[in-house]
Novice: 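I have a structure I would like to understand better, so I am pasting it below and will then ask my questions one at a time.
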Amino acid sequence: EPEVTQTPSHQVTQMGQEVILRCVPISNHLYFYWYRQILGQKVEFLVSFYNNEISEKSEIFDDQFSVERPDGSNFTLKIRSTKLEDSAMYFCASSDSSVGELFFGEGSRLTVL
Amino acid sequence: GESVGLHLPTLSVQEGDNSIINCAYSNSASDYFIWYKQESGKGPQFIIDIRSNMDKRQGQRVTVLLNKTVKHLSLQIAATQPGDSAVYFCAETYSGGYQKVTFGIGTKLQVIP
């Protein structure tokens, strides 16, 4: 069964460092998303991406965050200068339509020290 | 400020019994609702969805009920099994929202063998 894959599974970084989280969405999907979940809290929407541009973003997704689809398969989330409060599980998701089932990856755990 | 984890509501159910998980949603404009299951250390997994023009939808062992008048969703799991133990999130979004899905706080389902 096709699945969304994410790397790394866990990254530890120092505050102020740049981090790139990578995702390979399901191959025929056109809509891509990043969500995050701070430990013990709700899953929160960060950004949606379609046709090589951001469709919608939340207030969490400030200037420190950016997304990119550098080639036909990868979808990345970059955090330019990490803060302690960026520590969370980051989930990539993809879908084949703008309203329909989201398929989530297993997540990348980011720990900022 | 320091993040504090949410205390998740917990539902304990005997194996074989039916489970009912309830959720209140907040946005009157939401017209698409989804239930996700999240097992420990994994990403959310789609269970079942319902659109606002319906009040009931059935899947395999699961039923979702929607009451738009009081903005209430429920998930019914028939003949609950140990593998159903997980955190269950209701989620809402709206057509044209590019999957900006808003998740609820979750309910932890514990199945007692």
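All heavy atoms count here, side chains included; hydrogens, waters and symmetry mates do not. Lettering of chains follows the sequences in order, A, B, ..., and the numbering in each one begins at 1.
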Novice: I need the B/Lys100 NZ to A/Ser48 OG distance, nearest 0.5 Å.
Specialist: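 With rounding to 0.5 Å, NZ (B/Lys100) is 9.0 Å from OG (A/Ser48).
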
Novice: How about B/Lys56: does its NZ atom have over 12 heavy atoms from other parts shown lying under 6.0 Å from it?
Specialist: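 Counting other residues, nucleotides and ligands, NZ of B/Lys56 stays at 12 neighbours or fewer.
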
Novice: Is A/Phe75 reachable from A/Tyr33 through a run of hydrophobic residues whose side-chain heavy atoms are each under 4.5 Å from the next?
Specialist: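 Looking at the clustering, A/Phe75 is in a separate group from A/Tyr33.
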
Novice: Run the ring-ring contact (aromatic ring centres under 6.0 Å, His included) test on A/Tyr35 and B/Phe103 for me, step by step, so that the C-alpha distance in whole Å, both residues' side-chain angles and the decisive distance to 0.1 Å come before the verdict.
Specialist: CA-CA 10 Å; A/Tyr35 284 76; B/Phe103 283 76; 5.7 Å; yes

Novice: Looking only at heavy atoms and a cut-off of under 4.5 Å, which of B/Ala91, B/Gly104, B/Gly41 has the most pairs with chain A?
Specialist: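 Of the options given, most contacts go to B/Gly104.
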
Novice: Applying the 4.5 Å side-chain criterion to the ILVMFWY set and letting contacts propagate, would B/Phe46 and A/Phe32 be lumped into a single cluster?
Specialist: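 No, it is not one cluster - the side chains of B/Phe46 and A/Phe32 are not joined through contacts under 4.5 Å.
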
Novice: Transitively linked via ILVMFWY side-chain contacts under 4.5 Å: B/Val101 with A/Leu77?
Specialist: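 Unlinked, B/Val101 and A/Leu77 end up in two clusters.
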
Novice: Could you tell me the separation between the CG atom of B/Leu8 and the NZ atom of A/Lys42, rounded to the nearest 0.5 Å?
Specialist: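 One finds 11.5 Å between CG of B/Leu8 and NZ of A/Lys42.
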
Novice: At a heavy-atom separation under 4.5 Å, does A/Ser9 approach chain B through its side chain, its backbone, both, or neither?
Specialist: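 Contact with chain B is absent: no heavy atom of A/Ser9 under 4.5 Å.
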
Novice: Is the number of heavy atoms from other residues, nucleotides or ligands within 6.0 Å of NZ (B/Lys68) greater than 12?
Specialist: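 Yes - once you tally the heavy atoms of other residues, nucleotides and ligands closer than 6.0 Å, there are more than 12.
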
Novice: Between B/Tyr36 and A/Phe104 (judged by ring centroids, cut-off 6.0 Å), do the two rings come close enough to count as a pair?
Specialist: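 Aromatic pair counts; centres sit under 6.0 Å.
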
Novice: Quick one: CD on B/Gln45 to CG on A/Leu102, what's the gap to the nearest 0.5 Å?
Specialist: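 One finds 13.0 Å between CD of B/Gln45 and CG of A/Leu102.
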
Novice: In terms of hydrophobic clustering (I, L, V, M, F, W, Y; side-chain heavy atoms under 4.5 Å; direct or indirect links), are B/Leu73 and B/Ile21 co-clustered?
Specialist: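 In one cluster: yes.
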
Novice: Counting only heavy atoms closer than 4.5 Å, note whether B/Gln38 contacts chain A via side chain, backbone, both or neither.
Specialist: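 Only the side chain of B/Gln38 comes within 4.5 Å of chain A.
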
Novice: Between B/Gly43 and A/Phe91, what is the shortest heavy-atom contact and its length?
Specialist: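 For B/Gly43 versus A/Phe91, the nearest heavy atoms are CA-CE2, 3.2 Å.
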
Novice: Where on A/Gln37 is there a heavy atom nearer than 4.5 Å to chain B: the side chain, the backbone, both, or neither?
Specialist: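 The answer is the side chain of A/Gln37.
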
Novice: So if you build clusters from Ile, Leu, Val, Met, Phe, Trp, Tyr with side-chain heavy-atom gaps below 4.5 Å, do B/Ile20 and B/Val64 land together?
Specialist: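 Result: no, two separate clusters.
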
